[in-house]
Amino acid sequence: AVQTRVVARSPLGVHCSFHVPSPEFQIGIEAMFQALEQDALPLIRRSQEAANAISRIFDAAVTDREVSEQALFDVQYTPIPGSNPQQYTSPILANLERWLIPLQESLKDSDDRIIFCCAVDRNGYLPVHNVEYSKPQRAGDPVWNTANCRNRRIFDDRAGLTCARSMQPYLIHAYRRDMGGGNIVVLKEYVAPITVRNRHWGGFRVAYQI
């Protein structure tokens, strides 16, 4: 048992902090986290390996002058007219589609438990999703689009930005994913940072349904 203090409320729930936890409690918490980390290690490594592979692709593209470092970090997103939910293009979208689709599809196909896996930049822009979730939008059908057209979108909610901006070696979190029409699924994600020449580009997300 431990005393807690409510520090915030949000759509994610009530956020609490421990109030003067005892040494025994802290030891117990550390042991619990170590056990969780050990169990999750294969999934953590999977996200880290994919993030590192993307980092190498980006680094090589800059080295070979296929794209500039400035272009990779360009955040001038252009809205796609008539899209609902709003989709965006970027200056290097065609390159990202060419680089990321094979890697992401190969990873997703390797494990039936994976719901999706994708790279996002530090603003939550998701240029290239899995093929399953990258269908052309249907005019006047935002509910269907929300579930099936998740590429080229900016996910700047709390969960999205947490994945995009985390610079920790790995991040594990669970969140509620809106699939449109009131359909909510709870996912657990393993996220690792993507870097380009020691600059943080974004994160790689691998999601499993709870």
Side-chain angles (χ1 to χ4, degrees), residues 37 40-80 83 86-136 149-157 159-173 187-208:
E37 182 181 44
L41 199 55
L43 303 181
I44 292 170
R45 286 176 175 164
R46 175 173 284 173
S47 63
Q48 290 176 329
E49 288 168 358
N52 291 338
I54 293 171
S55 296
R56 290 193 295 271
I57 290 171
F58 288 177
D59 281 336
V62 173
T63 298
D64 296 341
R65 298 184 178 181
E66 188 174 356
V67 297
S68 66
E69 186 173 342
Q70 180 180 358
L72 272 173
F73 285 89
D74 193 330
V75 294
Q76 299 301 313
Y77 315 114
T78 303
I80 298 176
S83 56
Q86 185 68 63
Q87 292 180 307
Y88 303 83
T89 61
S90 72
I92 60 165
L93 179 59
N95 299 79
L96 294 174
E97 290 176 336
R98 178 161 50 85
W99 297 331
L100 297 178
I101 288 176
L103 185 150
Q104 293 179 173
E105 293 306 301
S106 176
L107 176 56
K108 186 174 184 299
D109 291 343
S110 71
D111 190 338
D112 291 339
R113 297 172 300 170
I114 296 178
I115 302 301
F116 71 81
C117 54
C118 57
V120 293
D121 76 4
R122 63 199 180 283
N123 292 325
Y125 178 53
L126 198 166
V128 183
H129 214 306
N130 296 119
V131 173
E132 179 181 357
Y133 305 111
S134 303
K135 298 179 175 65
C149 318
R150 303 182 72 83
N151 60 323
R152 305 180 181 182
R153 290 177 54 193
I154 296 176
F155 294 93
D156 56 1
D157 58 323
L161 289 181
T162 296
C163 295
R165 296 181 177 174
S166 174
M167 297 179 66
Q168 300 300 316
Y170 69 88
L171 166 72
I172 305 173
H173 75 142
L187 300 180
K188 189 172 187 178
E189 282 191 347
Y190 298 79
V191 185
I194 298 169
T195 60
V196 182
R197 298 191 170 187
N198 296 318
R199 292 177 62 188
H200 183 226
W201 185 87
F204 191 78
R205 306 171 62 171
V206 184
Y208 303 79

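Since this is a predicted model, take the numbers as computed values, not measurements. Each residue takes its place number in the sequence, starting with 1. For the numbers below, each heavy atom of this structure counts, side chains included, while hydrogens, waters and symmetry mates do not.
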Cys163 vs His173, test: side chain to side chain contact (heavy atoms under 4.5 Å, CB included). Steps then yes/no. CA-CA 9 Å; Cys163 295; His173 75 142; 3.2 Å; yes
Carefully, step by step, assess Val206 and Leu43 under the rule side chain to side chain contact (heavy atoms under 4.5 Å, CB included). CA-CA 8 Å; Val206 184; Leu43 303 181; over 6 Å; no
Carefully, step by step, assess Val191 and Ser47 under the rule side chain to side chain contact (heavy atoms under 4.5 Å, CB included). CA-CA 6 Å; Val191 185; Ser47 63; over 6 Å; no
As a quick check of understanding, evaluate side chain to side chain contact (heavy atoms under 4.5 Å, CB included) for Tyr88 and Leu126, giving each step before the final call. CA-CA 9 Å; Tyr88 303 83; Leu126 198 166; over 6 Å; no
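The two residues Pro136 and Cys149 make their nearest non-hydrogen contact at O-SG, 3.8 Å. Between Gln48 and Tyr170, the shortest heavy-atom contact is NE2-CB, 4.0 Å. In this structure, Ala51 and Pro193 approach most closely via the heavy-atom pair CB-O, 3.4 Å. Considering all non-hydrogen atoms of both residues, Val62 and Ser68 come closest at CG2-C, 4.3 Å. In terms of heavy atoms, Val131 sits closest to Glu105 at N-OE2, 2.9 Å.
Between Arg45 and Pro42 the shortest side-chain heavy-atom distance does not fall below 4.5 Å. Between Arg197 and Thr63 the shortest side-chain heavy-atom distance falls below 4.5 Å. By the 4.5 Å heavy-atom criterion applied to side chains, Tyr125 and Leu93 are counted as neighbours. Looking only at side-chain heavy atoms (C-beta outward), Val128 and Cys118 stay at 4.5 Å or farther from each other. Residues Leu187 and Arg205 form no side-chain contact, since every pair of their non-hydrogen atoms from C-beta on lies 4.5 Å or further apart. By the 4.5 Å heavy-atom criterion applied to side chains, Leu161 and Asp156 are counted as neighbours. Contact annotation: the side chain of Leu96 approaches that of Phe58 to within less than 4.5 Å [non-hydrogen atoms, C-beta and beyond]. With contacts defined as side-chain heavy-atom distances shorter than 4.5 Å, the pair Arg165/Asn123 qualifies.
Within 6.0 Å of atom CG in Asp109, more than 12 heavy atoms from other residues, nucleotides or ligands are found, so the atom counts as buried in its surroundings.
At distances below 3.5 Å, not a single donor-acceptor pair connects side-chain atoms of Gln76 with backbone N or O atoms of Ser90.
Note that CG of Leu72 is 9.5 Å distant from CG of Asp74, once rounded to the nearest 0.5 Å. Considering CD1 of Ile115 and CZ of Arg113, their distance stands at 11.0 Å, rounded to 0.5 Å. Taking CG of Asn130 as the reference point, atom CZ of Arg150 lies at 11.0 Å (rounded to 0.5 Å).
Annotation: side chain to side chain contact (heavy atoms under 4.5 Å, CB included) contacts of Glu66 (sequence neighbours excluded): Ala61, Asn95, Arg98, Trp99. Applying the ring-ring contact (aromatic ring centres under 6.0 Å, His included) rule to Phe155 yields no partners; only residues at least two apart in sequence or on another chain are considered. Under the side chain to side chain contact (heavy atoms under 4.5 Å, CB included) criterion, Thr195 pairs with Ser55, not counting sequence neighbours. Contacts of Ala119 classified as side chain to side chain contact (heavy atoms under 4.5 Å, CB included), with partners at least two apart in sequence or in another chain: Ile54, Leu100, Gln104, Ile194, Trp201, Phe204.
Within the structure, the salt bridge (charged side-chain N to carboxylate O under 4.0 Å, His left out) test picks out the following pairs touching residues 46-64 (sequence neighbours left out): Arg46-Asp111. Listed by first and then second residue, the salt bridge (charged side-chain N to carboxylate O under 4.0 Å, His left out) pairs that reach into residues 126-135 are Lys108-Glu132, sequence neighbours excluded.
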